[in-house]
Amino acid sequence: MSNQDLSIAAKLINGGVAGLVGVTCVFPIDLAKTRLQNQHGKDMYKGMIDCLMKTAYAEGFLGMYRGAAVNLTLVTPEKAIKLAANDFFRQLLMEDGMQRNLKMEMLAGCGAGMCQVVVTCPMEMLKIQLQDAGRLAAPHQSSTSAPSSSRSYTTGSASTHKRPSATLIAWELFRTQGLAGLYKGLGATLLRDIPFSIIYFPMFANLNNLGVHELTGKASFAHSFMSGCIAGSLAAVAVTPLDVLKTRIQTLKKGLGEDVYSGIMDCARKLWIQEGPSAFMKGAGCRALVIAPLFGIAQGVYFIGIGEHILKYFE
C-alpha cells in the first residue's frame, strides 16, 4: 500500500470513528432540535430540556435515540467524505495544504460540503421522519389510549400501522418516487452545508494552527477539540435559518394544520408570514450544542490519528 493510499484510508477511518462517537454522544439533543424546528408556532415543547423530558416520559430513554440507527449507519461515510474531501481540496488548492490562504480554505470547504451531500441528504431526510414521529404522535396519544407504536406512518398512498422504520420509509419513497424521493430537500441541504463548510473549515484551521507544536507539527487533542467546538458552534448558529428550512421541507408527514411547502422560497415566505423572523432561529441553541462536541470529537480523533494506528496492524 502506497503512502498516499495509506493516508486516504487513515482519513476515512478517522472520520468514521469520529462520527460514530460524536453521534452517540449528542443524538438526543439533535432529536430535540428537529422537534423544536418543526413546531408550527405551538408550545408543545418550551425548549430543549422540556422536549427531552417529555420525550423520555412518553417514549422512554430509547425514544430519545429515534433515528440514531440511520445516523450511526451513514455517519461513517458522511463524516469520512467531509473530512477527507476537505483535506484533498486543501492539498489540491494550496500545494502542501498548510499555508494560510483564506480564499483557498473557503473554496476547499465548499468542495467538502458539496461532496458530503451525497450521503447527508438521504441520511437526514430519513432521520427527520423518525425523530419527528413522537412529536406527531403526542396529540394523538393525549386524546386516545392507543399506544404510540400503533401510530401509522404514511409516505404517500401507502401506509402501515407499524412504528416507522428507516427501511420502510426508504422503500416507500423509492417505490413511489424513485431515487429522487430519497433526495427530497437536496437543494436545501446544499444551501445549508456549503455555507457551513465555508465557515467551519477555515475557522477551524486557523484556530487549530494557533496550538500547533513546532516539534510534532500537530496540535494537542485538547486544542483540536476546543478548536472544533468553537468553529462548529459558530458555524452551526450562522446557518440555523437554512437548517430550519431544510428540516421543514424534508419532513414528509405533517401534523394537523401544518403547511406543506413547494420549495425553499415558499417555505421561507410562509415561515416569515405565519411565525415571524424568530422562527428562523428555532433550535439554534440545540444545534450549537450538537455541532460543537460533534466536530470537537471529530477533529480531536482526526488529529490524534487513530486511523494511522489501526492501519499499522495490517502492514
Side-chain angles (χ1 to χ4, degrees), residues 19-75 123-155 160-170 185 233 236-237 240 243-258 275 278-279 281-294 297:
L20 290 173
V21 174
V23 167
T24 302
C25 293
V26 302
F27 193 84
I29 304 174
D30 186 63
L31 179 138
K33 182 218 69 160
T34 297
R35 294 189 178 184
L36 289 170
Q37 288 182 339
N38 266 330
Q39 286 195 122
H40 288 233
K42 300 175 184 177
D43 293 325
M44 181 184 299
Y45 307 116
K46 296 179 175 63
M48 180 187 73
I49 301 299
D50 182 55
C51 179
L52 291 175
M53 289 179 65
K54 287 180 177 176
T55 299
Y57 177 77
E59 305 168 52
F61 176 78
L62 293 180
M64 294 190 292
Y65 279 87
R66 275 195 178 191
V70 177
N71 258 36
L72 290 172
T73 301
L74 297 179
V75 75
M123 177 183 76
E124 295 235 334
M125 198 278 298
L126 294 173
K127 179 197 71 174
I128 285 170
Q129 315 316 313
L130 300 174
Q131 287 181 327
D132 203 44
R135 181 187 69 87
L136 294 171
H140 176 75
Q141 289 175 329
S142 64
S143 60
T144 179
S145 59
S148 61
S149 60
S150 66
R151 178 73 174 177
S152 63
Y153 182 86
T154 306
T155 58
T160 180
H161 293 286
K162 296 179 181 180
R163 174 174 290 182
S165 69
T167 304
L168 169 68
I169 298 168
S233 60
V237 172
T240 292
D243 187 58
V244 172
L245 295 177
K246 185 194 74 68
T247 298
R248 292 288 183 96
I249 290 170
Q250 287 189 319
T251 301
L252 302 176
K253 188 173 176 64
K254 304 292 185 178
L256 185 64
E258 294 182 352
E275 301 176 51
S278 63
M281 293 305 292
K282 283 186 175 182
C286 291
R287 184 161 165 75
L289 289 174
V290 168
I291 299 297
L294 188 62
I297 291 168

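Just so you know, these numbers use all the heavy atoms, side chains as well, and skip hydrogens, waters and symmetry mates.
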So, for Ala292 and Ser233, which heavy atoms are closest and what is the spacing to 0.1 Å?
CB-CB, 3.9 Å
Hey, which of Asp132, Asp30, Thr55 is the one that makes side chain to side chain donor-acceptor pair (under 3.5 Å) with Arg35?
Thr55
With a 4.5 Å cut-off on side-chain heavy atoms, are Thr251 and Thr34 touching?
no
When rounded to the nearest 0.5 angstrom, what is the spacing between CG in Leu31 and CG in Leu36?
9.5 Å
When every non-hydrogen atom of Ile29 is compared with those of Met48, the smallest separation belongs to CG2-SD, 3.6 Å
Grab the two heavy atoms, one from Lys127 and one from Asn71, that are nearest each other, plus how far apart they are.
CD-OD1, 3.2 Å
Ignoring hydrogens and angles, tell me if any N or O in the side chain of Glu258 forms a donor-acceptor pair with the backbone of His40 under 3.5 Å.
no
If you take all heavy atoms of Val26 and Pro293, which pair is closest and at what distance?
CG1-CG, 3.4 Å
Only one of Lys246, Gln250, Gln131 passes side chain to side chain donor-acceptor pair (under 3.5 Å) with Glu124; say which it is.
Lys246
If I take atom CG from residue Asn38 and atom NZ from residue Lys253, how far apart are they, to the nearest 0.5 angstrom?
13.0 Å
Closest approach of Cys25 to Pro28 (non-hydrogen atoms, all atoms of both residues):
O-CD, 4.4 Å
Donor-acceptor contact below 3.5 Å, side chain Lys54 vs main chain Met44
yes
In short, Ala68 meets Phe27 closest at the heavy-atom pair N-CZ, 3.3 Å
Can you tell me how far apart CD (Gln37) and CZ (Arg287) are? Round to the nearest 0.5 Å.
7.5 Å
Contact between Val237 and Met281 at the side-chain level, heavy atoms closer than 4.5 Å - yes or no?
yes
Apply the side-chain contact (heavy atoms from CB on, under 4.5 Å) test between Thr247 and each candidate in Asp243, Val244, Ile249; give the one that qualifies.
Asp243
For the backbone of Thr24 and the side chain of Tyr65, can you confirm whether one donor and one acceptor N or O come within less than 3.5 Å of each other?
yes
